[in-house]
Amino acid sequence: MTDTDTRTPREAHAFQAEVAELLHLMVHAVYSETDVFLRELISNASDACDRLRYEAIARPELLADDSALTIRLRPDTAAGTLTVSDNGIGMDRQELIDNLGTIARSGTRAFIGKLAAAKDGSGLIGQFGVGFYAAFMVADRIEVTSRRAGAAEAWVWRSTGAQGFEIEAADAARADRVRRGTEIVLHLKEDARKYLGAHEIERIVHAYSDHIQFPIMLEADPGKVADTPDDEAATSDVAPRQVNTASAVWQRAKSELKPEDYTQAYRSICGAFDEPAMTLHYRVEGRQSYAVLLFVPSGSLFDLFDPARKSHLKLYVRRVYITDDASLLPSWLRFVRGVVDSEDLPLNISREMLQNNPQVAAMRKAITGRVLAELETLSTKEPERFATVWEQFGAVIKEGLYEEPERREAILGLARFTSTAGSGRSLAQYVADLRENQTEIYYLVGEDIDRLKANPKLEAARARGIEVLLLTDPVDALWTSLRLDFQGKGFKSLSQGEVDFSLVPLADTATSATDEKADDAAVDEVAVIAAVKLALGDKVSDVKASQRLTDSAACLVAGGFGPDRELERLLAKQNRASGLKPVLELNMRHALVGVIARESAAGHADEAADLALLLLEQAQILDGELPDDPAAFARRLERLVVRGVAR
């Protein structure tokens, strides 16, 4: 009986639905840049070497007699294949199935949607962590042979990028070739054979993977070697040669590095394609010694609002990769990517030890402060570049206002807002432009900027030239509930409690004269409020004369205690609403309010009730809510229209 007869039978598996859809797009779409496939495979190989080096701290036997961790590239023009191999941690049978047959990432569906819509989706690949599948852009068949470090068996995974893959135990020849690690053989498509050229491979490595810490060795093409005369020069040409610098860029002096070096490092370390909006490279010496290389992306990140909210800094100890889950930055700076390399931490530090390690806590505090200081410098020296950062990540940074009290002053100083005075406004600008007798920073929270700009609660503030911050990020409803202040000026919502602008002069003297005349014609407030309260019952907690309105008839606000209107809506979506009813405020100079007064005085209770309910429902619609009973609202509106036309 041969070895083949005793091997585990070949098994066929179907791809996870998302993988099948992704591969269909990869195989059938045409991209302007397919170079990404090699960068992603090299990055995966580097990760495998990193993981082995870390596991070998506790289990040195895993390295055995093969301790020189290396990534190898071997083109074969005769066979039309490109092989990418490493002697890293490797995979067993189940890991091959799990890692190459499923995508266990929350952003997969969003990625597929963007990839389908994009004219050139190659720039999206690295953002979504699905790099292996990029190989199907250039290969019509892929074979992966892998042996887990310390395991007796090697396994082979095969796929054509169709609906599934096959897996079986490796035959003797493959098993002997892959003693540890992973070998990926790409059977290249005809239009992708340019990637068999040594110059093309070197170009991609220099562009994307030059700073990979492990040697990337380019082996000779067997087809070309066979035609080479057997002399000393040929022997030199066919020897494997290293095509990357393999140096830890964060350990090099800043004076040695050029802007393009940082860009290459950013793309290699962070798996990105864009330019970094901010680069922070420094070294700390003293009680603790560590090197830091951080980047702020200029483009969006797919996992920015992942529920895990994990930091993405890679922790190294003396150039040995440890983890990317050390929480070296708070979750509200999770968009910052890069490396921290410590000289002091023990190599065998565990995740549990990291969580309670005072050295890590001190590093986190110092790095956080340095990032904030660098962002502040960027906002001063390069405001346009900072505006890009804030547009992409401001909503995340503002989470720190809620989570980290000691950083609030710094974060508020960085914050930029859209307001009734324009966009990109800082709080320092707001305070500098305060109106006479204005003592608070006014804001309005909602879901849509255009709806906020049209909100009737702005009317009185606008009449007095008071700037109002228009806040549309979900986190705004949370941090504004903390009753913060900036330079001694508290924050005041226009959707909550009492608002008194009487001490702030009107911006237009003509408007002031008009208001004085209108005051003479104002209705009996007590009578109108009593009639509206009677009609609305427990639909509202109170009815009051409004100081916010100048043109609209009514608006809804929250009481002085409890959550603001927008926070109440967010809590309601999670079934955590307080149950507090809103306050209905009436503009006593509005014609519709005057009609309610007349109808009530004339004893037309039904007509007055219809109008009161209409005011409530109108206020709900202006706040972006549906009336409690849309059908009743429609019938009521019909009755009022018919009654008006009949008169």
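In summary, Arg179 and Asp176 engage in a salt bridge, as defined by a charged side-chain N under 4.0 Å from a carboxylate O. Electrostatic pairing of Glu153 and Arg93 does not count as a salt bridge here, judged by no charged N lying under 4.0 Å from a carboxylate O. Under a 4.0 Å N-O distance rule, the pair Lys258/Asp261 does not qualify as a salt bridge. A salt bridge is absent between Arg174 and Glu168: the closest approach of a Lys/Arg side-chain nitrogen to an acidic carboxylate oxygen does not fall below 4.0 angstrom. A salt bridge between Lys365 and Glu406 is absent, with no side-chain N of the basic residue lying under 4.0 Å from a carboxylate O of the acidic one.
Under 3.5 Å, the side chains of Trp332 and Glu404 contain a donor-acceptor pair of N or O atoms. Thr263 and Glu275 are linked by a side-chain donor-acceptor pair at a separation below 3.5 angstrom, with hydrogens and angles left out of the test.
In this structure, the side chains of Arg180 and Leu62 stay at 4.5 Å or more apart for every pair of heavy atoms. The shortest distance between side-chain heavy atoms of Phe165 and Leu96 does not fall below 4.5 Å. Taking 4.5 Å as the limit, some side-chain heavy atom of Val144 sits within range of a side-chain heavy atom of Phe132. Side chains of Asp47 and Arg51 form a contact here, defined as non-hydrogen atoms less than 4.5 Å apart. Residues Val138 and Leu82 have side chains not in contact (no heavy-atom distance under 4.5 Å, counting atoms from C-beta outward). The closest side-chain heavy-atom distance from Tyr316 to Val340 is not below 4.5 Å. You'll find the side chain of Leu301 reaches within 4.5 Å of the side chain of Phe393, heavy atoms only. Residues Asp76 and Leu196 fail the side-chain proximity criterion, which asks for heavy atoms closer than 4.5 Å.
Between His281 and Tyr262, the ring planes lie perpendicular to each other; the angle is over 60°, past the 30° to 60° tilted range. Ring geometry, Phe295 versus Tyr266: the interplanar angle falls from 30° to 60°, so the pair is classed tilted.
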*Begin with the C-alpha distance, continue with both residues' side-chain angles, and end with the deciding distance and a verdict on side chain to side chain contact (heavy atoms under 4.5 Å, CB included) for Ser85 and Arg74.*
CA-CA 8 Å; Ser85 62; Arg74 184 165 67 100; over 6 Å; no
*Given Arg148 and Gln94, is the side chain to side chain contact (heavy atoms under 4.5 Å, CB included) satisfied, shown in steps?*
CA-CA 11 Å; Arg148 191 73 157 78; Gln94 191 59 47; over 6 Å; no
*Assess whether side chain to side chain contact (heavy atoms under 4.5 Å, CB included) is satisfied between Glu376 and Leu414, documenting all intermediate values.*
CA-CA 6 Å; Glu376 176 62 31; Leu414 285 175; 3.5 Å; yes
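When all heavy atoms of Leu69 and Pro215 are compared, the closest pair comes out as O-CD, 3.4 Å. Scanning all heavy atoms of the two residues, the minimum distance from Ala134 to Phe37 falls at O-CB, 3.6 Å.
Judged by distance alone, the side chain of Asn87 and the main-chain N or O of Thr70 form a donor-acceptor pair under 3.5 Å. Judged purely by atom type and a 3.5 angstrom limit, Arg334 has no side-chain atom pairing as donor or acceptor with the backbone of His312.
Once rounded to the nearest 0.5 Å, the distance linking CD1 of Ile97 with CG of Asp92 reads 9.0 Å.
Take Asn244 and apply the side chain to side chain contact (heavy atoms under 4.5 Å, CB included) test, not counting sequence neighbours, and it matches Val205, Asp210, Ile212, Ile216, Gln242, Ala246. Residues passing the side chain to side chain contact (heavy atoms under 4.5 Å, CB included) test with Glu374, sequence neighbours excluded: Met278, Leu280.
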